[in-house]
Structure formats: structure tokens, C-alpha cells
There are 2 protein chains.
Amino acid sequence: MKNQLVKFIKKRRKVLGLTQMELADRAGVGLRFIRDIEQGKETLRLDKINQVLELFGHIMAPVPQSKETDDES
Amino acid sequence: MKNQLVKFIKKRRKVLGLTQMELADRAGVGLRFIRDIEQGKETLRLDKINQVLELFGHIMAPVPQSKETDDES
DNA sequence: CATAATTATACCTCTTAGGGTATAAACATA
DNA sequence: TATGTTTATACCCTAAGAGGTATAATTATG
């Protein structure tokens, strides 16, 4: 599966009913960064991504390419 | 667990008996980048990391913070 | 429909990641 | 010990990521 990050962020944000701006504020990143994530930009910085994922109790880690998202945790 | 990436890269590289330089060449990244990864630098670019992980059939994806590495796949 | 809220796109600036190179340190092995 | 190999640290330069802002497009909502 490709771009699990995009799907994950979008889904989680919707679940919490947050706007991109609210998410950006809570994560302490710029609004533009949230947009870049959700647009599938691949040249993002890892620390910034993790900064956002932390809100959802997640972190970026190496997983087998084939494996489907096992989280929903 | 923190920095699964560092552990993963170091372990995989050792298993294949590659030097940092060899890994850099095969992944198509600079030697400095491999070193930055293994030194735990957190401000790395996601696309570059994935470029390296691809050699091992892996990719960066969001996982629960608490979950231990389940790969070894 | 009109209006407001949310998201997307574009431009500018500043900071820094990534690559290269050189040197030093650590780690082997004889 | 000395020698060669691998890894770490430090420097410079270029390209681009991240943030801000403004504007357009999209999506609700009445």
C-alpha cells in the first residue's frame, strides 16, 4: 500500500472533526505542512510528520511494503 | 519504542554485510545520509528514507507509538 | 441560489537537509 | 605494535522544505 500517511491523517482528522488549521495549531506545525501531508507530498521532514502523528499516538516506522495498515489502534 | 528506523537500518545493513558506503551507493543516496540515519538524526526527508528502505522491501508508515517492531519480515 | 467555512494553489523568504570532501576516530587483523 | 578498513565529525555549497500570506476553488449550510 502506498501513502498510508495520507489516509491515516485524513481519517483521523475527520474523526476528531478538526479543520486543517486546528490540526496544524495543535500539532505546532504550519497550516501549509498539514496540506502538504494530505496532498501526498513525499519530501516532508520526518520530525515534522512525527510531530503531527504524536497527536494520534502514532509514529513513523519501517513496515513491510506489502503489509496493509494494521493500525486503527 | 523510539527510533525503530536506526535499529532497522543498522541490523539490515549488517545482515547483508554492507558498509555504509555500499548501502549509500545501492540506495542512490549520499554516504552522509546513511550516517545521518544511523546517528538517529530526526530531521531527515521522508522520501530519502523510503529510498533506502526500499532495498529492504520496507516503507515508512504510521504505527502506534507503543507497538514493538513487528517486522523482521 | 447566496454566503460562509474549509481546502487548494501560488508566491516570497529564511532556514536547513543533503551531498561532497577532508580529517579524525574507532575497529579490526596480522 | 603498525596497517588497512570502516565509521564519525566538521566544513562549505546548493537546492528545497517549511512557514506566512494572499487568492482561488471547493464544499457545506441556510
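Protein chains get the first letters and strands the later ones, always in sequence-line order, with residue 1 at the start of each.
What separates CG of A/D25 from C1' of C/dT7 is a distance of 15 Å, to the nearest Å. The CG-P distance, from B/N50 to C/dG18, rounds to 12 Å in whole Å. Residue B/F33 contributes atom CZ, which lies 19 Å from atom P of C/dT21 at whole-angstrom precision. For the pair A/E42 CD and D/dA16 P, the computed distance is 15 Å after rounding to whole Å. Atom-to-atom, CZ of B/R32 to P of C/dT23 comes out at 17 Å; the value is rounded to the nearest Å. Note: CD1 (A/I49) to P (D/dG19) measures 12 Å, nearest angstrom. Distance CD1 (B/I9) to P (D/dT7): 13 Å, rounded to an integer number of Å. Following rounding to the nearest Å, A/D47 (CG) and D/dG19 (C1') show an atom-to-atom distance of 14 Å.
Residues B/M21 and B/L31 share a closest heavy-atom pair of N-CD1, 3.7 Å.
Here the options are A/N3, A/I9, A/L23, the test is side-chain contact (heavy atoms from CB on, under 4.5 Å), and the partner is A/I37; only A/I9 passes.
Taking 4.0 angstrom as the limit, A/T43 places none of its side-chain polar atoms (N or O) nearer than this to OP1 or OP2 of D/dA16. Contact check, A/K48 against D/dG19: a side-chain N or O comes under 4.0 Å of OP1 or OP2. The phosphate of D/dT5 (OP1 or OP2) has no side-chain N or O of B/Q20 nearer than 4.0 angstrom. Considering only side-chain N and O atoms, A/T19 lies nowhere under 4.0 angstrom from the phosphate OP1 or OP2 of C/dT6.
Using a 4.0 Å heavy-atom cutoff across all strands shown, A/Q39 reaches sugar-phosphate atoms only and no base atom. B/L31 comes within contact range of no nucleotide atom at all, as no heavy-atom separation falls under 4.0 Å.
Taking a cutoff of 4.0 Å between a charged side-chain nitrogen and a carboxylate oxygen, A/E22 and A/R13 do not qualify as a salt bridge.
Taking the nucleotide of DNA chain C with the nearest heavy atom to each of A/L18 and A/R45, the more 5' of the two is matched to A/L18. Position along DNA chain D of the nearest nucleotide to A/R35 versus A/G30 favours A/G30 as the more 5'-ward residue.
Proximity of A/R45 to B/L44: side-chain heavy atoms (C-beta onward) are nowhere separated by under 4.5 Å. Counting heavy atoms from C-beta outward, A/M60 and B/L46 have side chains that approach closer than 4.5 Å.
When each of C/dT21, D/dT21, D/dG17 is scored by its nearest atom to the side-chain atoms of A/K41, the top-ranked nucleotide is D/dG17.
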